[in-house]
Amino acid sequence: MVPVKDNGVKSVVLYINTPKKQIAKIVQTSSGNDLAVITVNQYKENQSLSASTFSFDKNKYKNYLITEL
């Protein structure tokens with residue numbers, strides 16, 4: 001995949017485990033040709049997660065600049 005905006009990412013390649021229909025690896029190349037590789041070692045689906053798993057508490061990060069979009 002190639003981004004439509006110039007945001008520092010040149011390309012992203014997804015490696016798919018076709019029989020399992022799961023992402024196996026992601027390779028991202030930056031404009032400076034740096035590589036970021038994420039390998040999926042374990043995949044779990046349909047997990048029960050509490051609502052607090054994806055909540056963000058700004059009070060825990062008082063010394064950081066937080067930009068809300």
Side-chain angles (χ1 to χ4, degrees):
M1 296 183 286
V2 178
V4 294
K5 291 183 181 179
D6 183 12
N7 61 0
V9 176
K10 186 162 79 175
S11 67
V12 176
V13 179
L14 295 176
Y15 292 83
I16 307 295
N17 180 330
T18 307
K20 293 183 177 183
K21 298 179 182 175
Q22 298 172 353
I23 295 174
K25 182 168 61 170
I26 302 168
V27 178
Q28 178 178 301
T29 307
S30 74
S31 299
N33 289 326
D34 294 320
L35 288 178
V37 179
I38 300 171
T39 303
V40 178
N41 293 323
Q42 184 179 35
Y43 182 87
K44 294 181 181 181
E45 58 185 46
N46 299 324
Q47 296 290 302
S48 296
L49 302 173
S50 77
S52 65
T53 301
F54 296 103
S55 65
F56 180 74
D57 184 0
K58 286 193 288 188
N59 294 322
K60 292 181 180 179
Y61 302 93
K62 291 183 179 185
N63 295 326
Y64 293 87
L65 173 64
I66 299 170
T67 304
E68 295 187 43
L69 302 176

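Linking ILVMFWY side-chain heavy atoms closer than 4.5 Å, directly or via other members, places Val37 and Val40 in two distinct hydrophobic clusters. Follow the hydrophobic side-chain contacts under 4.5 Å out from Ile23 and you reach Ile38 in the same cluster. Residues Val9 and Leu14 are members of one and the same hydrophobic cluster, defined by side-chain heavy-atom contacts under 4.5 angstrom among Ile, Leu, Val, Met, Phe, Trp and Tyr.
Separation of atoms CD (Gln28) and CG (Leu35) is listed at 9.5 Å; rounding is to 0.5 Å. Expressed to the nearest 0.5 Å, how far CD1 of Ile16 lies from CD1 of Ile26 amounts to 8.5 Å.
The two atoms that bring Pro3 and Lys10 nearest to each other are CD-O, 3.4 Å, heavy atoms only.
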Table please: side-chain donor-acceptor pairs of residues 53-66 below 3.5 Å, with sequence neighbours left out.
{"from": "Thr53", "atom 1": "OG1", "to": "Ser50", "atom 2": "O", "distance (Å)": "3.0"}
{"from": "Thr53", "atom 1": "OG1", "to": "Ser50", "atom 2": "OG", "distance (Å)": "3.4"}
{"from": "Ser55", "atom 1": "OG", "to": "Ser52", "atom 2": "O", "distance (Å)": "3.1"}
{"from": "Asp57", "atom 1": "OD1", "to": "Asn59", "atom 2": "N", "distance (Å)": "3.1"}
{"from": "Lys58", "atom 1": "NZ", "to": "Glu68", "atom 2": "OE2", "distance (Å)": "2.8"}

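Within a 6.0 Å radius of CG in Asn7, other residues, nucleotides and ligands contribute more than 12 heavy atoms.
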